[in-house]
Engineer: 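Okay, handing you the structure first.
Chain A is the first sequence line, chain B the second, and so forth, proteins listed ahead of strands; every chain is numbered from 1. Bear in mind the structure is a predicted one, so any value in this text is a computation, not a measurement.
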Number of protein chains: 2
Amino acid sequence: MQGKSDRAYHHGDLKRVIIETAQDMLREEKGWQFTLREVARRAGVSHAAPYKHFPDKSALLAELATLGFNEMGRQIALELERQFRSPHAEFIAASKAYIRFGTTTPSLYRLMFSADVDKSSFPNLDEAGNNAFALLLGILDRGQKSGALKKQPVRAQAAAAWSLLHGFTMLSIDGQLLHDKVGTKPIDVVLTCMLEGFEN
Amino acid sequence: MQGKSDRAYHHGDLKRVIIETAQDMLREEKGWQFTLREVARRAGVSHAAPYKHFPDKSALLAELATLGFNEMGRQIALELERQFRSPHAEFIAASKAYIRFGTTTPSLYRLMFSADVDKSSFPNLDEAGNNAFALLLGILDRGQKSGALKKQPVRAQAAAAWSLLHGFTMLSIDGQLLHDKVGTKPIDVVLTCMLEGFEN
DNA sequence: CAACATATGTTTTCACTGTAAACATAGAGC
DNA sequence: GCTCTATGTTTACAGTGAAAACATATGTTG
């Protein structure tokens, strides 16, 4: 195993490098129109090499999306480790972490919800998404049990919360929630509206 | 002007035909990966002909998105012509029309909010989107003036409502709000949640 | 009404893409 | 040490968006 030597016929760690290169390009450009060949070029391998690790481009995109859901979950979970004075505060904190993830890595976030990655073809992706959703369910469930939130079917409540967060994030990425259109600090207003609908 | 004769060198109405063909393909496939050449083939013209009407593919997509916003606005406006017992009912009706448009023409709806159509490059597109947003502003404004809704900055309230609708629509299209994940009739729960946050 | 400018078509050409197939080589297990 | 397999490379192909050169209607103008 020659490892990372510069001119090894067998790269040794190509899959990781391909993923990281693709992640870079996803950040640099504003979408996932980057070509597999360009990824290969930047990784310093032949244009066919990536196909030894991913059957096609959509498989690579699915991998990026899966990693994205995992990372998003990690960031939200990290936020949730803090102590909160109330379920209200916990919900706000998690929501802001969600929105921050989306607006900080817009192309990735978009990719995660794009029709170009088919969840039914990539079970890992579907699972990663569900794990993130479970965090939201947990927050609302705790809120209901504490009496702070209305007792509603928690999954329906979660659908509402997720819809709001997803919509807000997407519109923000889109630049549709700029000041002159929507006023200042829409994030707080928006989250407050939702919570007032939730709370007792 | 030979008009629609089958074998005219000058088609006479190509732009419209190209748009309609592209609209068809947008409905048939699940995205806008269709090629300009395929559009041309189906329209029965050479593969370069579309370039006489659209500088590039993104311009055609922008046109489709613009028409989409206009059509969505039309459908919502049509719904609003009815008489409503309350601002509440009016909001619900408009929301359902919005969501229906999105879930009925998912690819088009996705395109309208895709990064592949750059609003800053296509002023018409931006304007069409703003017109649709204005409908929402009107509903909330009337609701506030009637005393049914809280007096909040109406644009911020609209941001919240739009976020919820957009998120719900996108997640529905994505198949993320299916029964086992989220319960029955999430649409009603979701809209109710939001409205309870809005109302006095 | 003839001539021409322009709008709208077609053909040809190009660089590039995703992907498949054939081939090469390094490392792992026998 | 030999072979198998995983992981590379090279070569090949059909198809793409787009530009350029060319063709033909159409409508304007003398």
Engineer: Between CD1 of A:Ile139 and NE2 of A:His88, what distance do you get to the nearest 0.5 Å?
Structural biologist: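 Spacing of CD1 (A:Ile139) from NE2 (A:His88) equals 12.5 Å.
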Engineer: Starting from P on C:dG18, measure out to CD on A:Glu38 and report it in whole angstrom.
Structural biologist: 10 Å
Engineer: Taking only side-chain nitrogens and oxygens of B:Arg41, does any of them come within less than 4.0 Å of OP1 or OP2 of D:dT16?
Structural biologist: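 For D:dT16, OP1 or OP2 has a side-chain N or O of B:Arg41 closer than 4.0 Å.
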Engineer: Expressed as a whole number of angstroms, how long is the span from B:Asp56:CG to D:dA18:P?
Structural biologist: 5 Å
Engineer: Starting the side chain at C-beta, find the nucleotide from D:dA18, D:dT16, C:dG18 nearest to B:Thr35.
Structural biologist: D:dT16
Engineer: Taking atom P of D:dG17 as reference, at what distance in whole Å does atom CH2 of B:Trp32 sit?
Structural biologist: 15 Å
Engineer: To the nearest Å, give me how far apart CD (B:Gln33) and P (C:dT17) are.
Structural biologist: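 Between P of C:dT17 and CD of B:Gln33: 19 Å.
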Engineer: Counting only side-chain heavy atoms from C-beta out, which of D:dA20, D:dG17, D:dT9 sits nearest to B:Ala48?
Structural biologist: D:dA20
Engineer: To the nearest angstrom, how far is A:Lys52 atom NZ from C:dA24 atom C1'?
Structural biologist: 11 Å
Engineer: Judged by each residue's nearest nucleotide on DNA chain D, which is more toward the 5′ side, A:Val45 or B:Phe34?
Structural biologist: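 Final value for this comparison: A:Val45.
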Engineer: May I ask you to evaluate whether A:Ser46 reaches the phosphate of D:dG8, defined as a side-chain N or O under 4.0 Å from OP1 or OP2?
Structural biologist: no
Engineer: So, does the side chain of B:His47 form a donor-acceptor pair with the base of C:dT11 at under 3.5 Å?
Structural biologist: no
Engineer: Students often get this wrong, so: under 4.0 angstrom with heavy atoms, is B:Lys57 touching a base, only sugar-phosphate, or nothing?
Structural biologist: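 Sugar-phosphate, no base atom in range.
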Engineer: For the OG atom of B:Ser114 and the CG atom of B:Leu61, what is their distance to the nearest 0.5 Å?
Structural biologist: 8.0 Å
Engineer: Expressed in angstrom and rounded to an integer, what is the separation of B:Phe54 atom CZ from C:dA7 atom P?
Structural biologist: 17 Å
Engineer: Does a side-chain N or O from B:Arg37 land closer than 4.0 Å to OP1 or OP2 of D:dA14, or not?
Structural biologist: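 Looking at the OP1 and OP2 atoms of D:dA14, neither is under 4.0 Å from any side-chain N or O of B:Arg37.
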Engineer: Is any side-chain N of the basic residue among B:Arg110 and B:Asp116 closer than 4.0 Å to the acidic one's carboxylate O?
Structural biologist: no
Engineer: When the distance from CG of A:Leu60 to P of C:dT17 is rounded to whole Å, what number comes out?
Structural biologist: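 So the two atoms are 15 Å apart, to the nearest Å.
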Engineer: I want to verify a distance call: between D:dG17, C:dT8, D:dT9, whose nearest atom is closest to the B:His53 side chain?
Structural biologist: C:dT8
Engineer: Which distance, rounded to the nearest 0.5 Å, do you find between the CG of B:Asn131 and the CD1 of B:Ile76?
Structural biologist: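 Those atoms lie 11.5 Å apart.
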Engineer: To the nearest 0.5 Å, what is the distance between CZ (B:Phe133) and NZ (A:Lys181)?
Structural biologist: 6.0 Å
Engineer: Please state how far atom CG in B:Leu61 lies from atom P in D:dA18, giving the value in whole angstrom units.
Structural biologist: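 Rounded to the whole Å, the gap is 10 Å.
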